[in-house]
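Note on naming: letters A, B, ... go to the chains in the order of the sequence lines (proteins, then strands), and numbering restarts at 1 for each one.
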Number of protein chains: 2
Amino acid sequence: MRLSRFFLPILKETPKEAEIVSHRLMLRAGMIRQQSAGIYSWLPLGLRVLRKIERIVEEEQARAGAVQLLMPTIQSAELWRESGRYDAYGKEMLRITDRHDRDMLYGPTNEEMITDIFRSSVRSYKDLPLNLYHIQWKFRDEVRPRFGVMRGREFLMKDAYSFDLDQEKAVESYNRMFVAYLRTYRRMGLTAIPMRAETGPIGGDLSHEFIVLADTGESAVFCHSDFLAKEIPGEDVDFDSDLSPIVADWTSNYAATEDVVDMAEFEAAVPEEKRISARGIEVGQTFYFGTKYSEPMGAKVTGPDGKDVPVHMGSYGVGVSRLLGAIIEASHDDDGIIWPASVAPFHVGVVNLKPGDDLTDGACEDLYAKLEAAGIEVLYDDTDQRAGAKFASMDLIGLPFQVVGGPRGLKDGLFEVKDRRSGEKEMLSPEAAFNKLKAALTV
Amino acid sequence: MRLSRFFLPILKETPKEAEIVSHRLMLRAGMIRQQSAGIYSWLPLGLRVLRKIERIVEEEQARAGAVQLLMPTIQSAELWRESGRYDAYGKEMLRITDRHDRDMLYGPTNEEMITDIFRSSVRSYKDLPLNLYHIQWKFRDEVRPRFGVMRGREFLMKDAYSFDLDQEKAVESYNRMFVAYLRTYRRMGLTAIPMRAETGPIGGDLSHEFIVLADTGESAVFCHSDFLAKEIPGEDVDFDSDLSPIVADWTSNYAATEDVVDMAEFEAAVPEEKRISARGIEVGQTFYFGTKYSEPMGAKVTGPDGKDVPVHMGSYGVGVSRLLGAIIEASHDDDGIIWPASVAPFHVGVVNLKPGDDLTDGACEDLYAKLEAAGIEVLYDDTDQRAGAKFASMDLIGLPFQVVGGPRGLKDGLFEVKDRRSGEKEMLSPEAAFNKLKAALTV
């Protein structure tokens, strides 16, 4: 993509309203724009990252056997009356009346609707296990939205729902999502620690919050430091096998959020030098809640004994839009964002220091074309801004590599290649630059 | 994808509420489920088609130079008061009050918001032309939603917005979208005819509706039959060149919807044997509306003469979710849908007639794996339903090819390969079947 044809409204000033670094950097880097309190437009750079995160989530959901569908944003209040949550939900639910005076709402979550879809078409235990998920915009009318996309009102969430014949099978489904989550976050460069959590308004018996440690996290968390060095299940993990040893390994050490922590237990379970007491950002949550919705809503299947039983359900959320904030909180420096390559909006920024100069244009255009042909996504700065502004913007938007071409270096046939994370710079020939980037960025 | 692990709730009965064939077939094929009047869930099969359509739209928008972002669904009423449309829009706008009693709405379109984004960051004519688009859910509170996704309340639309210094440049932007639309629809197997249209509530001077002819279309249309044989600009069309000859060619013959048709003009312009008087489905619309929004909302740029002028704008919609209905209306038979390969939910259905039989399982699994490895998307029916139900479902969901493996044919090492559109069947060896499908389905 040529920068001259892209839309990248970089802010020179630091926006005053932004309290945390990810919010500041997303605004400055032209990734988002606030339209109303807690409601954002995703500008082209931000949207590219959002889509990369979605793809990773989708790939890992598919690997774990979840099937994607898409439920609408607007729901009928009727469904929520069936489950009893319409009155219980409170002011965070955006309630709407349509032109025919029907009570509607903007979905804050989808347990009721997916239960309705399930009960309308599944009859037999033979069709189980089933895990259906979607990635859809939700709305929660927070009293005080803040921290940018970290606590917005309109936000993008992946929510999966599992259906099983009994608790034992439901725990197998729970374990599949648990393992998928470990892989999902790690692929984005994050270490997310599963912590015991309150089950909250969804209700249920078994639940983990997946927490990324960050100074700006919304809640205090307490865990064992061994989590930071644990291995993640590989791509070849067999989701048809018994995953309980992996889950046991990842839940054997103490980890709890402030809502449920028992300090005496924490101190008894974790040697002092291994105790982490920090702040954390919740990036996902898994629940097993049994028949809480299937019972009142009549979602039943016929079991092997011919009897109808309400299905056992779980739900599994990933805060897709919030993850951008979490990744930036975990990966930035004073100059700006440092994207992991897996979610970077582009892989490489090619900076032309003298557009109009034949030598520079030729070398930059050539490298740009070769990288794109190799499947590497390039933002090519072909604009006539000054060099200092170009460098600052590239650091701010945080692409993994920068390649700078100017008349001075190119006279000797050399580009400067900079690794954004380490800051290391090398002068390389076009071939060497291409080969280095290709080796670093393709699998 | 193994059917045993997919979610495909085929309906045996024809739903009574569905008045038109696309609605009936989408419900029967388990593509959608109605959640409220005019509000649908996209079940896995439907979502796969929706995503294919989105990808084609995105590729052609990018080719034409439009840059993708994503605006939120919920908008502030304030913006719409600035343009004067808040009161003008009527009951189709879903009006919402949030917990702080602020007037909000579910966006039916985005002229105001994109104008706000533009004015907040673009200052100079040097940053033009600019075309920003998104693909986002919209809501229009129709009095009487019907025809399934053809006239839903919550629907997915691609809307692009162009910004230019003056009318001449704006027409160049208009032409780029016009040409992109010709390519977009053709890639989905449709012939969409650009027709003169009323500009409606958006207002403006220059507008075309892109209409697909179909008996179930919502409006009467009148056009020259030469449109049906016209060539579409190729992949190599240069969007930086003067596109007005292409637009002139595609607008030189008479074509108008009932809202604007002048029958005397139609009859004078088109020889009797070339007159088409038919019904049509609108699948997109292009507008040039000058400074209608930029003027009241203060979206100005500094021109080359140093003076500030309001930008000239256009907007360009594609009815993404509605296109599924339009494609089915244009491509089906008594047995079900016939998907063009470009938007098919899967390319091939492999039907195992005897799961559990070693020979059949081995041959089917092997072909399934080989096709997937070649990048061909397969729905593998590994279920234990009876053969008749399997064939009926495959015809209903309309994948371009079916490959049937049973003990009788495979004893001689042969699959039956069926072309869904022509109905032709051939007995082929696994190698020949693979080669035929690969040749037909990969470019």
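- Heavy-atom neighbours of B/Glu13 CD from other residues, nucleotides or ligands within 6.0 Å: at or below the threshold of 12.
- Taking B/Gln75, B/His134, B/Arg102, B/Arg95 one by one and counting their heavy-atom pairs under 4.5 Å with chain A, the maximum is reached by B/Arg102.
- To the nearest 0.5 angstrom, B/Ser121 atom OG is 11.0 Å from A/Ile10 atom CD1.
- Per-residue counts of heavy-atom pairs under 4.5 Å with chain B were compared for A/Met71, A/Glu78, A/Met113; the largest is that of A/Met113.
- When B/Ala37, B/Pro44, B/Gly30 are compared by the number of non-hydrogen pairs under 4.5 Å with chain A, B/Pro44 comes out ahead.
- Across all their heavy atoms, A/Glu142 and B/His100 have their closest contact at O-NE2, 4.5 Å.
- Contact of B/Arg51 with chain A is made through the side chain alone, with heavy-atom distances under 4.5 Å.
- In this structure, chain A has heavy atoms under 4.5 Å from both the backbone and the side chain of B/Phe6.
- Interface remark: B/Arg33 contributes side-chain atoms only to the contact with chain A (heavy atom separation under 4.5 Å).
- Chain A forms more heavy-atom pairs under 4.5 Å with one residue of B/Asp98, B/Asp127, B/Leu130 than with any other, namely B/Asp98.
- Counting heavy-atom pairs closer than 4.5 Å to chain B, the top residue among A/Trp42, A/Tyr40, A/Trp137, A/Phe139 is A/Trp42.
- Between the CG atom in B/Asn110 and the CD atom in A/Gln35 there is a gap of 9.0 Å [rounded to 0.5 Å].
- With contacts defined as side-chain heavy-atom distances shorter than 4.5 Å, the pair A/Arg153/B/Met104 qualifies.
- For the set B/Ile39, B/Thr383, B/Ile32, B/Asp116, the count of heavy-atom pairs under 4.5 angstrom toward chain A peaks at B/Asp116.
- Checked for salt-bridge contact, B/Arg5 and A/Asp240 meet the test: a charged N lies under 4.0 Å from a carboxylate O.
- B/Leu47 touches chain A through its side chain: at least one heavy atom from C-beta onward sits under 4.5 Å away, while N, CA, C and O do not.
- By number of non-hydrogen pairs under 4.5 angstrom with chain A, the leading residue of B/Leu43, B/Thr97, B/Val143 is B/Val143.
- For chain A, the nearby part of B/Val122 is the side chain; its heavy atoms alone come within less than 4.5 Å.
- In this structure, the side chains of B/Gln68 and A/Arg48 stay at 4.5 Å or more apart for every pair of heavy atoms.
- Only the side chain of B/Ser36 comes within less than 4.5 Å of a heavy atom of chain A; its backbone N, CA, C and O stay farther away.
- Proximity of A/Thr73 to B/Tyr106: side-chain heavy atoms (C-beta onward) are separated by under 4.5 Å at one or more points.
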CA sep, side-chain torsions, deciding dist, call: A/Phe7, B/Ile117, side-chain contact (heavy atoms from CB on, under 4.5 Å):
CA-CA 11 Å; A/Phe7 179 63; B/Ile117 290 172; 3.9 Å; yes
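- For the set B/Leu70, B/Asn131, B/Leu94, the count of heavy-atom pairs under 4.5 angstrom toward chain A peaks at B/Leu70.
- Contact annotation for B/Glu92: both backbone and side-chain heavy atoms come within less than 4.5 Å of a heavy atom of chain A.
- A distance-only check finds a donor-acceptor pair linking the side chain of B/Glu154 to the backbone of A/Ile74 [under 3.5 Å].
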